[in-house]
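Read the structure below first, then the notes.
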Amino acid sequence: MLFFLAVDPNTGAELWTSDGTTSGTRLVKDIFPGDMSSAPSQMFAPDDDGFYFAGIDSNVGAELYFSDGTEDGTTFVADIAEGSSNSLPSTFARLGGEAFFSATDESVGREPFVTDGTNEPVLLRDIFPNGDSNPAREPGAPPDMPSSLASLGDEVLFAATDPDRGRELWKSDGTPTGTVRVTDLAPGTVSSRPEDFAVLGSQAFFRAFNPATGSELYGSDGTEAGTSLVTDLIVGPDSGFPEVLTVAGDRLFFIAEDPDFDRELFVSDGTEAGTELVADINSGGDADISEIAAFGERVLFAADEGTQGRELWISDGSANGTQLVFNIAPDIGGVITSSEPRDFTVVDDRVFFTADNFAQGRELWVTDGTMDGTRLVKDINNGLDGSSPQSLTADEGRLFFVANDGMRGFELWISDGTEGGTELVKDIDPGGSSNPDQLFSFPPEEAEGPAPQDVFRFFNTNAGGHFFTISEAERDSAANIPGFNAEGVEFEAFPENEAPAEAVPVFRFFNTEAKGHFFTTSTDERDFVEQNLPRFEFEGVGFEAFDTQVEDTVPVYRLFNMEAGGHFFTTSENERDDAAALDAFTPEGIGFFAFPADFEDSGMSGMTMAETGPSGADPIA
């Protein structure tokens, strides 16, 4: 269901809902009765029980409300700023099943609060006594400025200002004692101003300032020791100024200045060595990128390469995989024109966006990331003016948006990506514009659990053993090594830090004498090998799997090859039995559990533990 603000002459700007049909589009509740407006905004759902928002009433001002989507279930939560003063709740974040937010209490200023919706919101800490700490958003920041906070595990990381240290990185676990400064990145009263947060794996990444490095990319796991500069893109006090941090797959994309002070697309795996310029899109200046949309493991964005204007581009994070998708607005009479794609919104396997081709004005477009799959959805307002689509919002496999067809003003529309399936939902204010705003999909679509990835197997003819890797880059490198024979995908597992809670690391060692690899989930075995067998070089975590059987997983059997001095792993019972029949092989039970090679179900939220018990591998020989 979609919830949104709309203006009706009889009720003012109030909370509406729509299921995509005319009859199913209705007022939820006239919170501020009459033609006055409650102007609902800042809608946020910590779970699927309901959502919070800021609303206005003449008796209490702009305060906190809650709704389960029904009239009776839309209720006032608390008058944080007593009387007609406004607490202006905003910058919400998920904190367990509760909602973290900032609000103004006249006695403490603008500070962080938490609520479960049933009791009075709790002030987490008066960070700036006799002032405003302004959690997550600085005063005067424009509405489209990314807020400076991120949910990370059971905590929220956020920026806040105190009188002694300036604006720095803080965190909260939802309790007053657990609301503390993480670190002072710009020591003293100088502010590091953390902002533009994005979460990748177990870390939050953001831009922060230090006088020695300028504004650069930082990462934090929520601890002081685990918070550090990722890389100084422009060495010294000049700033790379990374912005529009966007996670796609297992990488972080962002815009920043290169050493020549041109703004281009960068990618990072969260390490200094893994942070690099993707491509010099405009070799003569800035690529002029301002918006990035994650599309699977790739990103879509608008860029100007210098000769065709600002058009639609796509990138997989490599120079060769970064290319123009479609020049929507070709040159007119030798003059370079730009379609200025923006408002990217992913709906299943497509991305909707708006663009101006200089023939139909700014209208709704859709793409699958290819030139042939990029097209105008519908010319809603015939002529050069365009319908100016805005507030694009995904909901249950379809797109809601606001547009003006030239006859009925700005009203609510819906699209399935086809011309025939793009239509006005309802003319809420006949003869005028209801100006729908704050579009919000609820209940939130159930997030897919982490998806297992292919683990590739090679036979090392030199060592007489097998090599496994989840890395496509490592797979491609191994394929070029003499003596490594590719044997396809053996099973599926997870990259490090991208696994469900039940998963455990599968540690990887290289045997410098036998020239083969060894894998184990046992920390005791890992420690024994590191401490007592110097011929084994520890290579970290190869991937994550399971040491106890989980639904849909299969055993990965382990055998020791006494002649080769290495281990053999297989999911095949036939391979296990054939090897066990050979005098050189000693069965060692189950090394770990993983998903079969043809496993396709990426929704892992329903995984349950089976009654198989832990794996039975013996200690390494």
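Quick note: residue numbers are just sequence positions, from 1.
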Does the K171 side chain pair with the main chain of G222, one donor and one acceptor, at a distance under 3.5 Å? yes
What is the ring orientation for F518 with F509, classed by angle as parallel under 30°, tilted 30 to 60°, or perpendicular over 60°? tilted
Steps toward side chain to side chain contact (heavy atoms under 4.5 Å, CB included) verdict (E544, V504): CA-CA 5 Å; E544 294 197 28; V504 296; over 6 Å; no
For the residue pair G369 and F295, what are the closest heavy atoms and their distance? N-CE2, 4.1 Å
Min side-chain heavy-atom separation V299-I314 under 4.5 Å: no
Value rounded to 0.5 Å, distance of CH2 in W313 from CZ in F326: 14.5 Å
Once rounded to the nearest 0.5 Å, what's the spacing between atom CD of E537 and atom NE2 of H517? 9.0 Å
Pair F253 + F301: ring centers closer than 6.0 Å: no
Working to the nearest 0.5 angstrom, can you tell me the gap between L245 CG and I255 CD1? 9.5 Å
Less than 3.5 Å apart, any donor N or O on the side chain of E98 or T115 sitting next to an acceptor on the other? no
Is the distance between the ring centroids of F197 and F206 less than 6.0 Å? yes
Donor-acceptor contact present, side-chain R475 to main-chain F468, <3.5 Å: no
Enclosure of M371 CE (heavy-atom neighbours >12, cutoff 6.0 Å): no
Could you tell me whether F519 and F569 have their ring centroids closer than 6.0 angstrom? yes
Under the side-chain contact (heavy atoms from CB on, under 4.5 Å) rule, collect the residues that match up with F568, sequence neighbours excluded. R457, H466, L559, T570, E575, A579, F585
In terms of relative ring orientation, are F484 and F467 parallel, tilted or perpendicular, with 30° and 60° separating the classes? perpendicular
From CG (N210) to CG (L229), nearest 0.5 Å: 8.0 Å
Just how far is it from atom OG of S148 to atom CG of D196, taken to the nearest 0.5 Å? 7.5 Å
Looking at E216 and L233, would you say the former's side chain and the latter's main chain have a donor-acceptor pair under 3.5 Å? yes
In this structure, which one of F456, F546, F593, F592 forms a ring pair (Phe, Tyr, Trp, His ring centres under 6.0 Å) with F491? F592
Between D184 and R181, does any side-chain N to carboxylate O distance fall below 4.0 Å? no
For D343, is there any backbone N or O sitting under 3.5 Å from a side-chain donor or acceptor partner on E291? yes
Should L217 and L252 be marked as a side chain to side chain contact (heavy atoms under 4.5 Å, CB included) after you check the CA-CA gap, both sets of side-chain angles, and the distance that decides it? CA-CA 11 Å; L217 181 67; L252 178 73; 4.1 Å; yes
Looking at T520, is its backbone amide N or carbonyl O close enough to the side chain of R558 to form a donor-acceptor pair, meaning the two atoms are under 3.5 Å apart? no
For atom CG of D154, decide whether the heavy atoms of other residues, nucleotides or ligands shown that lie under 6.0 angstrom number more than 12. no
Any side-chain donor near an acceptor of the partner, T418 and D416, under 3.5 Å: yes
In short, side chain to side chain donor-acceptor pair (under 3.5 Å) pairs touching residues 264-277 with sequence neighbours left out are S268-T275, D269-T271
Specify the closest pair of heavy atoms between S415 and G417, including all atoms of both residues, with the distance to one decimal. OG-N, 3.0 Å
Here the pair of heavy atoms bringing V156 nearest to L149 is CG1-CD1, 4.3 Å
F209 ring centre to R193 NZ or CZ under 6.0 Å, with the angle to the axis within 45°? no
Within the structure provided, determine whether L399 and T345 are in side-chain contact (heavy-atom separation under 4.5 Å). yes
The side-chain contact (heavy atoms from CB on, under 4.5 Å) partners of T246 (sequence neighbours excluded) come to V244, I292, A294
Enter the distance from F543:CZ to T469:OG1 here, rounded to the nearest 0.5 Å. 8.5 Å
Can S572 and N574 be said to form a side-chain hydrogen bond (donor to acceptor under 3.5 Å, both in side chains), step by step? CA-CA 5 Å; S572 167; N574 290 334; 4.9 Å; no
Between D547 and T521, a side-chain donor and acceptor under 3.5 Å: no
Side chain to side chain contact (heavy atoms under 4.5 Å, CB included) between E530 and F528, intermediate numbers included: CA-CA 6 Å; E530 281 195 290; F528 175 84; over 6 Å; no
When you check the gap from the basic side-chain N to the acidic O, do R342 and E311 get nearer than 4.0 Å? no
Can any side-chain N or O of R350 pair as donor or acceptor with the backbone N or O of V366 at less than 3.5 Å? no
Assess whether a salt bridge exists between E513 and K515, defined as any Lys/Arg side-chain N lying under 4.0 Å from an Asp/Glu carboxylate O. no
Across all chains, not counting sequence neighbours, the side-chain contact (heavy atoms from CB on, under 4.5 Å) partners of D173 are E155, T175
Considering the options F51, F442, F92, which one meets the side-chain contact (heavy atoms from CB on, under 4.5 Å) requirement together with F44? F92
Taking T553 for its side chain and F595 for its backbone only, find out whether a donor-acceptor pair lies under 3.5 Å. no
Which pair of heavy atoms, one from M1 and one from F3, lies closest together, and at what distance? CB-CE1, 3.9 Å
Quiz item: cation-pi between R576 and Y557, 6.0 Å / 45°: yes
Taking side-chain contact (heavy atoms from CB on, under 4.5 Å) as the definition, give me every residue that meets it alongside A293, ordered by chain and number, with sequence neighbours left out. F344
Backbone of V267 reached by a side-chain donor or acceptor of R251 within 3.5 Å: no
Under 6.0 Å from the CG atom of N320, do we count more than 12 heavy atoms belonging to anything else shown? no
Among residues at least two apart in sequence or on other chains, which ones pass side-chain hydrogen bond (donor to acceptor under 3.5 Å, both in side chains) with S172? T179
Answer yes or no: is there a donor N or O on one side and an acceptor on the other, between the side chain of S239 and the main chain of S215, under 3.5 Å? yes
